[in-house]
Number of protein chains: 2
Amino acid sequence: MNGTADRMDEMKDDARLDGMKDEALLVAGQAVSLRSLVADRLRLAIITGRFRPGQQLRERELCELTGVSRPSLREALRQLEAEGLIATAPHRGPVVAALNVEEVGQLYALRQVLESFAAREFARLRRPADIAALKAAVKRLDEVEKAGTPLEMLEIGTAFYGAIATGSGNPYLAQTLGALHNRIALIRFISLHRRARIAQSFAALRALSEAIIAGDETLADRLCTELLEAVGATARAVVEAGYRLPGSADDAGLAA
Amino acid sequence: MNGTADRMDEMKDDARLDGMKDEALLVAGQAVSLRSLVADRLRLAIITGRFRPGQQLRERELCELTGVSRPSLREALRQLEAEGLIATAPHRGPVVAALNVEEVGQLYALRQVLESFAAREFARLRRPADIAALKAAVKRLDEVEKAGTPLEMLEIGTAFYGAIATGSGNPYLAQTLGALHNRIALIRFISLHRRARIAQSFAALRALSEAIIAGDETLADRLCTELLEAVGATARAVVEAGYRLPGSADDAGLAA
DNA sequence: GATCGTTTTTTTGTCTTACAAATTTACAAA
DNA sequence: TTTGTAAATTTGTAAGACAAAAAAACGATC
């Protein structure tokens, strides 16, 4: 997600007496540049709906909001643009990307393929650390199902899908899925206000995690495909309703 | 690939007398900003090996080479960074991304899933314009197989895969695949110097296109998966050989 | 009163200059 | 050879400025 990927020179044929991993010593490459912070903030503002889909973002306003200079801000904007979160028309500036029903369907079709592949790979590899992370995600799932705000549920849902993406053992797959999740995060967030769907989704997530832990690649693949079929339908419904919460007369939705 | 995505307001319920499509009238949104030109040039330089994997890129040099100021250059760099073509370490500047064997395997695994999905969707949809584009790509394939430079073959190969990506009808899939192809373009280019593999690959591409045109989704999927298994193995071999052309003592490869 | 054309204003795109911070390199000393 | 220090290079960030384009406001004409 961060875009920065370092790699240390490997130490070959170096007899190691301790069991410490090299990664535990790595301190450089934390990438705390101002522009990446700005990109993170703006990304969060977009995926949480602080900036609505279709909203025009003026550079001057963003400079005041973030407190950084224009060059830094613009570099951050280019990053978000590459991630697909904003669209920039020449001489008209950045606009928060707004998805129509067709586009959401296409994104979810892609997500279905990628996430099912990740689940299958996860079930095949079953690396202990990833399994533990998945179990922890399931545990948090149980905790918030009864009484949890939509924002909390969005977070643990993201953690759950993140665990699956990581468990695939393929960083590029995980990164692609992460970017995809950012693009649909707002829709997911709105979807989570439909409590009827939540129970179904959570049950499906549990079944999926069990299939992965059991190492049943075929089942994991199928369950994930079916799950995404369902959430994709909900997502399309959300967009068709104009990004509005069900039952609420949210006039801000007109901006989209 | 360009990062800019405009959308005109749709005309609903507007009785049309002519058969012209709205897209044929769209003139805005060509995105000819300087920074996008710079990004295109740098991308091409990386893809074609003008900048070698692992090579450090100094901003000042790039400014002189491209003739633009630092702000514009840096915005272009952020875009390439998001595309994964360069990696930026804090206070050390951009470096052309260098892939090891494991990473190439992971990229090709992802490509396998995405491209097979695209082929399957293409075979399902079979839109006339896309079919025509595919046939044109096959035709060009025949022309360059006998006598063609590796660069020419890389180009038509890219056109072929581009036709498949477009034919999927999913722009996000096409964009993801396009970015992925950029990351492995140099490896593909080097692979194309192994003439023995070329005949096999080209034959496989023809079989794949026939399956798509015939509308055989299952066959298209399987052929594509098999094809990518083969080219993936070649790609790993190229990286294992240090990005060097087979048989040539290219000492520049040591930079990787 | 509505439409068209012009002018003004705002906003983006780009460049120049500048300086702080960090890294790398060079160099001297133990 | 290694270590410590200083210089030079390079990146990160900021501020100011101007041209170009788009949007908005305004006025003129039908």
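What you see is a predicted model, and the numbers here were worked out from it, not measured in a lab. Below, read A as the first sequence line, B as the second, and so on, with proteins coming before strands; counting in each chain starts at 1.
- Between A:L37 atom CG and D:dA14 atom P there is a gap of 11 Å when expressed in whole angstrom units.
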Next item on the list: Apply side chain to side chain contact (heavy atoms under 4.5 Å, CB included) to A:L73 and A:V38, showing your working.
Entry: CA-CA 7 Å; A:L73 176 79; A:V38 173; 4.1 Å; yes
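- With a cut-off of 3.5 Å on both pairing distances, the Watson-Crick or G-U wobble partner of D:dA24 is C:dT7.
- In this structure, the side chains of A:L62 and A:L77 come closer than 4.5 Å at one or more pairs of heavy atoms.
- At least one cation-pi condition fails for A:R127 and A:F122: the charged atom is not both under 6.0 angstrom from the six-membered ring centre and inside a 45 degree cone around its axis.
- Taking the charged nitrogens against the carboxylate oxygens, A:R78 and A:E75 have no contact shorter than 4.0 Å, which rules out a salt bridge.
- A salt bridge links A:R60 and A:E64; the closest N-O separation between the charged side-chain nitrogens and carboxylate oxygens is under 4.0 Å.
- The CG-P distance, from A:L57 to C:dT11, rounds to 13 Å in whole Å.
- For C:dT24, the OP1/OP2 oxygens have a side-chain nitrogen or oxygen of B:R92 closer than 4.0 Å.
- One interatomic measurement links the two molecules: CZ of A:R58 to P of C:dT9, which rounds to 18 Å at whole-angstrom precision.
- As judged by a 4.0 angstrom heavy-atom cut-off over every strand, B:L77 is placed among residues making no nucleic acid contact.
- The main-chain N or O of B:V68 is never found under 3.5 Å from a side-chain atom of B:S72 such that the two would form a donor-acceptor pair.
- As a whole-Å value, the separation of A:E64 CD from D:dA14 C1' is 16 Å.
- Between the CZ atom of A:R35 and the C1' atom of D:dT13 there is a distance of 10 Å, given to the nearest Å.
- An OP1 or OP2 oxygen of D:dT10 is reached within less than 4.0 angstrom by a side-chain nitrogen or oxygen of B:R60.
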Notebook entry, point to check: Base, backbone or nothing for each nucleotide of nucleotides 15-22 of chain C, written B, S, -, heavy atoms under 4.0 angstrom, 5' to 3'?
Noted result: BB-B---S
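- A donor and an acceptor atom, one from each side chain of A:T158 and A:R188, are located under 3.5 Å apart.
- Considering only the side chain of B:R74, D:dG12 comes nearest among C:dG13, D:dG12, D:dA22.
- Between B:E59 atom CD and D:dT13 atom C1' there is a gap of 11 Å when expressed in whole angstrom units.
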